[in-house]
Enquirer: 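Mind looking over this structure? Questions follow.
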Protein chains: 2
Amino acid sequence: MVLARKTPTIQDVARFAKVSAATVSRVLSSPERVSASARERVTEAVRATGYTINQAARSLRMRAAKTILIALPNIGNPFYSTILDAVVNEASSRGYGVLVANRLGENPTEWLRDYFFSNRADGLLLFDASLDTEELSNLPLVRNTLPLVVVCDELLDPRFHTVTTDNFEASRRAVRHLYELGHTRIGHVRGRLVKNLANQRWLGFQAEIQAGGGEFRPDWIFQGDHSMPSGYAAGQQFARLSDRPTAIFASNDETAIGFISAIREHGLDCPRHVSIIGFDDIAVARHYAPPLTTMRQPREQIGRVATEALIDILEGTPFEHDLLRIVLNSELIVRSSTARWNGG
Amino acid sequence: MVLARKTPTIQDVARFAKVSAATVSRVLSSPERVSASARERVTEAVRATGYTINQAARSLRMRAAKTILIALPNIGNPFYSTILDAVVNEASSRGYGVLVANRLGENPTEWLRDYFFSNRADGLLLFDASLDTEELSNLPLVRNTLPLVVVCDELLDPRFHTVTTDNFEASRRAVRHLYELGHTRIGHVRGRLVKNLANQRWLGFQAEIQAGGGEFRPDWIFQGDHSMPSGYAAGQQFARLSDRPTAIFASNDETAIGFISAIREHGLDCPRHVSIIGFDDIAVARHYAPPLTTMRQPREQIGRVATEALIDILEGTPFEHDLLRIVLNSELIVRSSTARWNGG
DNA sequence: GAAACTTATGCAATCGATTGCATCGACTCT
DNA sequence: AGAGTCGATGCAATCGATTGCATAAGTTTC
């Protein structure tokens, strides 16, 4: 029942090493400015006392929390969880902690403001661009050198740093893949268009349909929201159609999976009755039945690059960085959910 | 190009409201101790200045960061991401931030020690019990009133608070379900036994096999690690078996999915050639082909209850709480990956 | 051998919020 | 009217690390 002794402070270390707290601090942050003998004694003292820096004190003095905030629309989505993984790894390798915010509630701007000004986080990775950007950019902090990187979901607002993938081009590539397999009757399950990401995919779909000379049929466009249930609903609608497309470009894998599971209940098979291509290449995609053809997003890379960028911005000299605009490429992964169409 | 003005401090608010900083502080934490007129002026001043509390300063003074740390073995796993979701929601509704640690590296104990003593986090939700508990419990902080709750993965060490599900019983229930469908030849894909959670499921499997008078065959036990690829490997092994079981209890859904996708490549079908039951009920389970029969863990509840417990411990009087030992129940969800066995 | 310089280290102020103690005024009670 | 009580508020110390400035000791140069 020993009571935990008080955690040692820098003063304790100083006393132990018979130097001043200032010297200890210097040993820790810039060892080359301290004599070898003092350095040695301090190092030993740190070991002996089990000293760990008090981040709260450090944050207060330095006005930096060594923490970044990641705001996600939905952690539950496996797409984001892989990215989160990469972000956490990259951040912690650079000595940063990662605070998670999920589904910013009623008043997202207020919320973010609190996090920043309250000195809990130094920078923000924003994956949820369905925010009022006008309001956002009015925050005093968010001005020229904004510690904010918008990831994946691109804001149209040009004032923010962004890391995205080539949603538009990748979507065209997806549709082209269907053309290449002989499909001409192609449908689409959209995401919610308030998300620019979903909008880009939708525009890419339309552009390629037009370019390929395919048929554009409004009744072959299904509205989803990137969730499995919404894909399922779309699949049911599809099954009830009298005149069906032979291929579907689903705005993401979860939608594709929901879709396939729905049509299967209606006795329809993928890819025999309809080819389906998804987007993201989430982990289940290759183990689904059928294994999903999809546009793979470099998720690990997205997380890593965005985090690197944010920390660079945080640690670099203000105004040194121009507006960051990184676009990563997606890759077509052909599996078995799409197949050649032989005239039905 | 206006430079962001300095963020207002409690002193600024005090000056504005013509009171002392102490009074402002009191208005914010215990308004009833302040006169109505002062309270009003302060509230107005807060609004006018746009004041937000500086958490770093508060943490320093209060020795509490209003932050909890969640240590996961693998965020990428959708099972954990749902729990994380619940944890973040519950925590933020009680004013706590959530710091994420993933796959504690080389020296997990060191790592955790740093987080605690450094005052970055007040408490820990530990989902990864493959730690050296001996070492862990030697940390000065981790003594009687440990701000630590072990979740899901139960440590055998009885000194820690835990929130778990009934892995043993649920596994027996899963196997019983297979018996009820007429199966007598039942195999198992294990998780790594260093995890007590996996071990419990394995023990439950064995217990029920014994109780049900089924056949216990070592060659029907496959070693996995709760990942899809490991399930896939197990499935391949299964397919090569000359004398196969007619049903498999997979230690989690990801394993089950990998397994099914592998046997399908070998021309085997689930549930026609083999029934498979998983564990967890992750989101894809119901949309998989076939929809997965599984033991559903109350994931949202797990996350919420564990977080509640941890924060209660943090905010309650020390020593008030006895050792916490919460066990939640899993539920059998019957879908189509298991079917009646008609004598093969 | 003294001036000029360099290097190592300590002193003390600072970051912003909280809180025990002291003070002050208003009110009550005898 | 004087003593005692109570509520509201301010003063000032405190939490622990950092850093500009000052000082002391040691080194170089003419």
Side-chain angles (χ1 to χ4, degrees), chain A residues 5-43 45-46 49-67 95 114-120 122, chain B residues 5-43 45-46 49-67 95 114-122 315:
Chain A
R5 64 176 149 69
K6 206 166 126 306
T7 87
T9 74
I10 201 170
Q11 317 290 342
D12 299 325
V13 177
R15 211 169 304 125
F16 191 102
K18 304 203 191 309
V19 294
S20 74
T23 301
V24 176
S25 175
R26 282 190 274 257
V27 169
L28 265 35
S29 56
S30 40
E32 74 284 356
R33 300 180 39 73
V34 174
S35 73
S37 81
R39 201 185 315 153
E40 216 166 279
R41 292 210 312 287
V42 168
T43 314
V46 166
T49 54
Y51 170 73
T52 317
I53 200 170
N54 183 322
Q55 277 292 346
R58 181 170 207 278
S59 299
L60 175 58
R61 179 64 223 242
M62 308 281 281
R63 304 164 160 287
K66 280 265 190 181
T67 299
D114 272 16
Y115 261 94
F116 276 105
F117 287 121
S118 73
N119 232 306
R120 284 174 91 126
D122 309 320
Chain B
R5 65 176 150 68
K6 204 167 127 308
T7 85
T9 74
I10 201 170
Q11 318 290 341
D12 299 328
V13 177
R15 212 167 306 125
F16 192 102
K18 303 203 191 311
V19 294
S20 73
T23 302
V24 176
S25 176
R26 284 190 273 256
V27 168
L28 264 36
S29 56
S30 40
E32 74 284 357
R33 299 179 38 72
V34 174
S35 72
S37 81
R39 200 184 316 153
E40 215 166 278
R41 291 209 316 285
V42 168
T43 313
V46 167
T49 55
Y51 169 73
T52 320
I53 200 169
N54 182 322
Q55 277 292 345
R58 180 169 208 278
S59 299
L60 176 58
R61 179 65 224 241
M62 307 282 280
R63 306 163 159 285
K66 278 266 189 181
T67 299
D114 272 17
Y115 261 95
F116 275 104
F117 287 120
S118 72
N119 233 307
R120 284 173 89 126
D122 308 320
E315 298 190 338

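Proteins get letters first, then strands, A, B, ... in listed order; numbering begins at 1 in each. This structure is a prediction, so every number in the text was calculated from the model and none was measured.
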Enquirer: According to a strict under-4.0 Å criterion, is B:Arg26 in side-chain N/O contact with OP1 or OP2 of C:dT19?
Expert: no
Enquirer: Quick one, A:Arg120 with B:Thr67, criterion side-chain contact (heavy atoms from CB on, under 4.5 Å). Give me CA distance, side-chain angles, the key distance, then yes/no.
Expert: CA-CA 10 Å; A:Arg120 284 174 91 126; B:Thr67 299; 3.5 Å; yes
Enquirer: Would you mind reading off the distance between B:Asn54 atom CG and D:dT14 atom P, rounded to a whole angstrom?
Expert: 21 Å
Enquirer: Output the residues of residues 27-40 of chain A in contact with DNA chain C, where contact means a heavy atom of the residue under 4.0 Å from an atom of the strand; sort by number or write none.
Expert: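 When residues 27-40 of chain A is checked for heavy atoms under 4.0 Å from DNA chain C, the hits, listed by number, are A:Val34, A:Ser35, A:Ala38.
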Enquirer: Please name the pair of heavy atoms, one in B:Lys18 and one in B:Arg41, separated by the smallest distance, quoted to 0.1 Å.
Expert: O-NH2, 3.5 Å
Enquirer: Taking atom C1' of D:dA12 as reference, at what distance in whole Å does atom CD of B:Gln11 sit?
Expert: 12 Å
Enquirer: If you only use heavy atoms from C-beta on, which nucleotide in C:dA12, D:dA17, C:dT18 is closest to the side chain of A:Thr9?
Expert: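 Between C:dA12, D:dA17, C:dT18, the one nearest the side chain of A:Thr9 would be D:dA17.
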Enquirer: May I have the distance from B:Leu60 (atom CG) to C:dT19 (atom P), rounded to whole angstrom?
Expert: 13 Å
Enquirer: If you find the nucleotide of DNA chain D closest to A:Ala56 and the one closest to B:Ala21, which residue's nucleotide is nearer the 5' end?
Expert: B:Ala21
Enquirer: In whole angstroms, how far is the C1' atom of D:dA17 from the CZ atom of B:Arg120?
Expert: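 After rounding, the gap between these two atoms is 15 Å.
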Enquirer: Checking the side chain of B:Asp122 only, and the main-chain atoms of B:Ala65 only, is there a donor and an acceptor separated by less than 3.5 Å?
Expert: yes
Enquirer: How long is the line joining CD1 of B:Ile53 and P of C:dA17, in whole Å?
Expert: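 In whole Å, C:dA17 P lies 6 Å from B:Ile53 CD1.
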Enquirer: OP1 or OP2 of D:dT19 sitting under 4.0 Å from any side-chain N/O of A:Arg61?
Expert: no
Enquirer: What integer distance in Å separates A:Gln55:CD from D:dA17:C1'?
Expert: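 Value for this atom pair: 10 Å.
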Enquirer: Quick check against the 3.5 Å criterion: does A:Ser25 have a side-chain atom that pairs as donor or acceptor with the backbone of A:Ala21?
Expert: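 The answer is no, because no donor-acceptor pair under 3.5 Å joins these two groups.
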Enquirer: Considering just the side-chain nitrogens and oxygens of B:Thr23, establish if one lies under 4.0 Å of OP1 or OP2 belonging to D:dT9.
Expert: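 No, no such contact exists.
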Enquirer: Considering heavy-atom distances to DNA chain D, does A:Ala22 or B:Lys18 have its closest nucleotide positioned more toward the 5' end?
Expert: B:Lys18
Enquirer: Could you check if a side-chain atom of A:Val34 sits within less than 4.5 angstrom of a side-chain atom of A:Thr23, using non-hydrogen atoms only?
Expert: yes
Enquirer: Is any side-chain N or O of A:Ser20 closer than 4.0 Å to OP1 or OP2 of C:dG10?
Expert: yes
Enquirer: How close do A:Ile10 and A:Tyr51 get, heavy atom to heavy atom, and via which atoms?
Expert: N-CE1, 3.4 Å
Enquirer: Given atom NZ of B:Lys66 and atom P of C:dA17, what is their separation to the nearest angstrom?
Expert: 16 Å
Enquirer: Tell me whether the side-chain N/O atoms of B:Arg63 come closer than 4.0 Å to OP1 or OP2 in D:dG16.
Expert: yes
Enquirer: What is the distance, to the nearest angstrom, from the CE atom on B:Met62 to the P atom on D:dA13?
Expert: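 So the two atoms are 21 Å apart, to the nearest Å.
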Enquirer: List the atom of A:Ala64, the atom of A:Asn119, and the distance in Å for their closest heavy-atom pair.
Expert: N-OD1, 4.0 Å
Enquirer: Touch check for B:Val24, heavy atoms < 4.0 angstrom, all strands: base, sugar-phosphate only, or nothing?
Expert: nothing
Enquirer: Is there a side-chain contact between B:Tyr51 and the phosphate of C:dA17, meaning an N or O under 4.0 Å from OP1 or OP2?
Expert: yes
Enquirer: Can you check whether A:Asn54 reaches A:Thr9 side chain to side chain, under 4.5 Å on heavy atoms?
Expert: no
